[in-house]
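For reference, the structure discussed in these notes is given below.
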Amino acid sequence: MSVPKEIRERVERLREEIRRYDYHYYVLNQPLISDAEYDKLFRELLELERKYPELVTPDSPTQRVGAPPAEEFAPVEHAIPMLSLQNCFNDEELEEWDERVRRLLGGEPVEYVCEPKLDGLSVELVYVDGVFTVGSTRGDGRVGEDVTRNLRTIKQVPLRLFPLDGRVPRLLEARGEVYMEKEAFRRLNAERERAGEPLFANPRNAAAGSLRQLDPNVTASRPLKIFFYALGRAEGIDIRTQEELLTTFPKLGLPVNPLWKKCRTLAEVKEFYRELLARRHELPYEADGMVVKVNDFAQREVLGEVSRAPRWAVAYKFPAEEATTRVLDIIVQVGRTGALTPVALLEPVEVSGATVSRATLHNEDEIRRKDVRIGDWVIVRRAGEVIPEVVKSIPERRTGQEREFKMPERCPACGGPVVRPPGEVAYRCENLSCPARIKESIRHFASRRAMDIEGLGEKLVDKLVETGLVRKLSDIYRLRKEDLVNLERMGEKSAQNLLDQIERSKNAGLARLIFALGIRYVGEHLAEVLAEHFPSLEALSQADYDELLQIPEVGPRIAQSIVDFFKNEENRVLIQELKELGVRTEAERPREGPLSGKTFVFTGALSAFTREEARRLVEALGGRVASGVSRKVDYVVVGADPGEKLRRAQELRITILTEEEFRRLVGR
Ligand code: IVH
């Protein structure tokens with residue numbers, strides 16, 4: 001059956017419109033229509049593509065996510081090597097660079113284009129006939145990693161270029177920087193902290209870690225952005241200067257950083273540098289310097305390169321964000337997992353625009369390594385402009401009054417013993433009922449992304465723990481109105497509101513509950529994966545190490561952590577209690593039916609149902625639907641244009657059903 005012409009045209013039209021709206025929204029930051037109108041168009045396109053899967057193309061706006069994890073990244077060779085930049089640190093070095101440029105060009109006039117140097121991850125995106133085909137990291141400059149599927153999830157990345165004068169280039173290799181804005185980075189880290197996951201040291205690491213994810217769905221959940229600033233190969237398009245590049249790219253749909261300047265003299269270059277330096281902290285992204293580039297590509301040819309860096313460009317770095325101050329004291333904080341973190345209390349000092357009065361010392365080994373003592377003069381740095389840290393001490397300035405720090409043998413919060421598990425850097429308070437740990441774990445349990453108990457905020461948690469009303473997580477569900485009303489400042493009405501919220505949280509669902517328990521390394525995403533895999537919290541608690549390892553996203557470290565958590569007697573009791581107190585510990589219970597105990601996975605587009613309809617059909621007959629293929633899956637249903645899941649199903653010899661076979665199975 002061929003697709004009616006009107007449908008084809010409508011689909012094309014919708015895609016064009018959506019691409020245009022995306023461009024205005026993501027690239028120009030100037031939305032043309034309301035979110036609701038946009039959603040309506042997007043849904044119409046989804047619906048048409050569902051009905052006519054043969055119309056789905058990889059560059060359709062609907063195709064950004066949904067790919068399953070890869071095993072590893074394939075290598076990609078850059079047709080033209082991706083170079084690095086030589087640095088300069090002061091005006092003098094800049095002048096030397098400029099003199100060499102002018103000398104090598106035989107005194108011709110030179111123009112420079114200056115841009116902020118973004119601190120992210122450089123990538124190359126290949127567009128063939130306007131369609132995004134391969135994207136890779138810089139790697140060693142010659143060979144990078146294939147991160148195409150991850151780059152596709154970045155909304156600013158056009159999956160197809162706009163035509164210029166009615167044509168798209170035959171080939172365009174666009175290079176740029178994937179980065180994370182500072183604010184987004186802060187939010188991501190706050191979330192990770194709540195999940196007990198390791199924090200990213202700075203936005204650069206967060207961007208790199210997010211792009212280099214084997215599961216593109218994880219990348220999609222991270223707020224990555226991109227600016228393009230360079231060109232690899234180009235055919236069927238004429239770009240001769242950096243200025244042309246920066247004005248042409250946006251017309252093709254490729255976002256560029258609007259903050260750039262063409263300079264005719266070195267004085268102008270220096271002036272722009274000072275301007276950027278002064279505005280550095282207002283910029284939403286992190287910049288570690290300014291790149292100065294020769295504007296004219298023909299002149300670049302003449303200048304060439306030395307040792308993997310072009311002679312035609314230089315990075316004029318910003319000065320390091322450091323300051324000197326004194327350590328007044330070193331205190332110890334206790335986190336949710338019981339880890340003890342030494343923190344330096346500092347004489348307040350200004351570091352690049354912010355006052356710093358505390359800095360993390362990470363752990364005892366670090367204190368030794370940096371030789372930091374109480375009373376020392378130290379250098380502090382705002383790493384990634386966010387978490388200040390002590391870089392080193394200045395032993396030359398010691399007076400002899402300084403005191404060495406010793407990790408306390410007892411927990412500062414509960415007085416319980418402190419141990420350092422073999423092979424770990426952190427000391428831990430092992431007392432599961434330590435008030436500091438309890439407070440942190442209750443805050444996490446109640447947080448928005450966990451059980452979402454509104455009203456159970458920081459102050460109230462402190463009070464509940466201090467008055468002994470809450471000693472462990474299950475106590476939250478034992479709170480009575482009179483308990484709450486007796487607390488100062490808690491009125492009748494807010495007590496009732498809180499109780500309602502607590503009641504409501506009982507049905508938060510299995511994924512949230514797993515996340516809320518605060519098992520080490522089990523963040524939000526992994527909790528969802530686990531909730532899909534296991535019918536109940538009990539089932540998860542009984543899973544053994546090998547069984548957990550079977551789950552694609554679970555590695556040895558995570559599997560061990562989950563096993564350890566449920567081996568702990570107190571945690572076992574906790575789970576029993578939560579259940580008895582009415583917290584739903586089961587996944588939406590599969591009904592009994594002919595498909596009881598059977599797990600399905602769908603891949604590719606179905607023509608007769610949406611995924612949601614298919615899921616409901618399976619569940620109505622007692623079956624389950626999972627998102628990833630593993631040995632636990634019984635059937636993989638294959639629609640049009642199946643993805644990686646099909647290959648994995650074949651590998652694992654799982655029964656593969658066509659849509660027709662599936663329909664017969666469910667009696668449709
Ligand atoms: S131009 C050969 N422009 O800096 C020069 N690079 O140290 C090609 N970078 O790997 C790059 N912002 O990741 C250029 N506006 C900018 C940049 C920039 C950041 C990075 C890029 C490159 C590194 C070189």
Side-chain angles (χ1 to χ4, degrees), residues 76 78-89 93-94 97 101 112-125 135-145 147 151 156 173-182 202-208 210-212 224-234 239 241-247 249-250 254-263 269 272-273 275-277 279-280 283-297 299-318 384:
V76 176
H78 304 296
I80 301 176
M82 291 178 77
L83 302 177
S84 59
L85 290 171
Q86 44 179 328
N87 290 328
C88 73
F89 295 92
E93 290 175 9
L94 179 72
W97 173 78
V101 166
Y112 295 123
V113 169
C114 302
E115 307 161 8
K117 182 170 188 295
L118 298 175
D119 208 4
L121 189 74
S122 51
V123 291
E124 174 170 79
L125 286 80
S136 53
T137 61
R138 173 171 178 270
D140 64 5
R142 202 180 56 79
V143 179
E145 291 173 323
V147 287
L151 285 166
Q156 283 185 313
E173 294 177 347
R175 295 175 174 183
E177 198 88 353
V178 170
Y179 67 97
M180 194 179 287
E181 291 193 342
K182 292 189 273 195
N202 51 48
R204 204 204 90 78
N205 288 4
S210 302
L211 188 65
R212 297 186 66 265
L224 293 176
K225 298 192 118 184
I226 190 166
F227 275 139
F228 290 93
Y229 51 62
L231 195 56
R233 290 182 298 175
I239 297 179
T241 64
Q242 184 70 10
E243 184 179 21
E244 267 177 38
L245 183 152
L246 292 170
T247 48
F249 270 18
L254 300 164
V256 305
N257 191 341
L259 191 56
W260 59 274
K261 188 174 171 179
K262 184 166 84 172
C263 301
V269 172
F272 191 55
Y273 174 82
E275 188 185 323
L276 285 185
L277 187 57
R279 289 178 54 188
R280 171 178 192 188
L283 301 177
Y285 45 80
E286 207 153 286
D288 58 347
M290 179 179 93
V291 187
V292 190
K293 304 172 180 180
V294 169
N295 189 22
D296 187 303
F297 290 1
Q299 287 183 330
R300 290 185 182 185
E301 286 284 324
V302 175
L303 291 163
E305 63 192 71
V306 268
S307 57
R308 326 238 87 232
R311 281 205 199 83
W312 47 262
V314 72
Y316 191 172
K317 300 293 285 265
F318 293 146

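Both counts, for ligands and for their atoms, begin at 1 and track the order of listing.
For atom 2 (C) of ligand 1, the nearest protein heavy atom lies closer than 4.0 Å.
Of all protein heavy atoms, the one lying nearest to atom 21 (C) of ligand 1 is Tyr229 OH, 3.0 Å. Among protein heavy atoms, atom 12 (N) of ligand 1 sits closest to Leu118 N, 3.0 Å. Looking at atom 7 (O) of ligand 1, its nearest protein heavy atom turns out to be Leu85 N, 3.5 Å. Given atom 10 (O) of ligand 1, the protein heavy atom at minimum distance is Ser122 OG, 3.3 Å. Protein heavy atom at the shortest distance from atom 13 (O) of ligand 1 is Glu177 OE1, 2.6 Å.
Under a 3.5 Å cut-off, the side chain of Glu173 and the backbone N or O of Arg233 do form a donor-acceptor pair.
Residues forming a side-chain hydrogen bond (donor to acceptor under 3.5 Å, both in side chains) with Tyr316 (at least two apart in sequence, or on another chain): Asp91. Residues passing the side-chain hydrogen bond (donor to acceptor under 3.5 Å, both in side chains) test with Gln242, sequence neighbours excluded: Glu115, Arg300.
Salt bridge present: Arg212 and Glu145 bring a charged side-chain N and a carboxylate O closer than 4.0 Å. Salt bridge Glu181/Lys225: present, at least one basic N to carboxylate O contact under 4.0 Å.
Taking every heavy atom of Pro116 and a limit of under 4.0 angstrom, the matching atoms of ligand 1 come to 12 (N), 15 (N). Every atom of ligand 1 with a heavy atom of Lys293 under 4.0 Å away is listed here by number and element: 1 (S), 3 (N), 14 (C), 16 (C). Atom numbering of ligand 1 starts at 1 in the shown order; those under 4.0 Å from a heavy atom of Pro310 are 2 (C). The ligand atoms of ligand 1 that sit less than 4.0 angstrom from a heavy atom of Glu115 are 3 (N), 15 (N), 16 (C).
Remark: Phe227 CZ to Leu118 CG distance equals 7.0 Å, nearest 0.5 Å. Atom CD of Glu177 and atom OH of Tyr285 lie 11.5 Å apart (nearest 0.5 Å).
With a heavy-atom cut-off of 4.0 Å, Arg138 touches ligand 1 through its side chain alone.
Checked against the 6.0 Å centroid threshold, Tyr273 and Phe318 count as a close aromatic pair.
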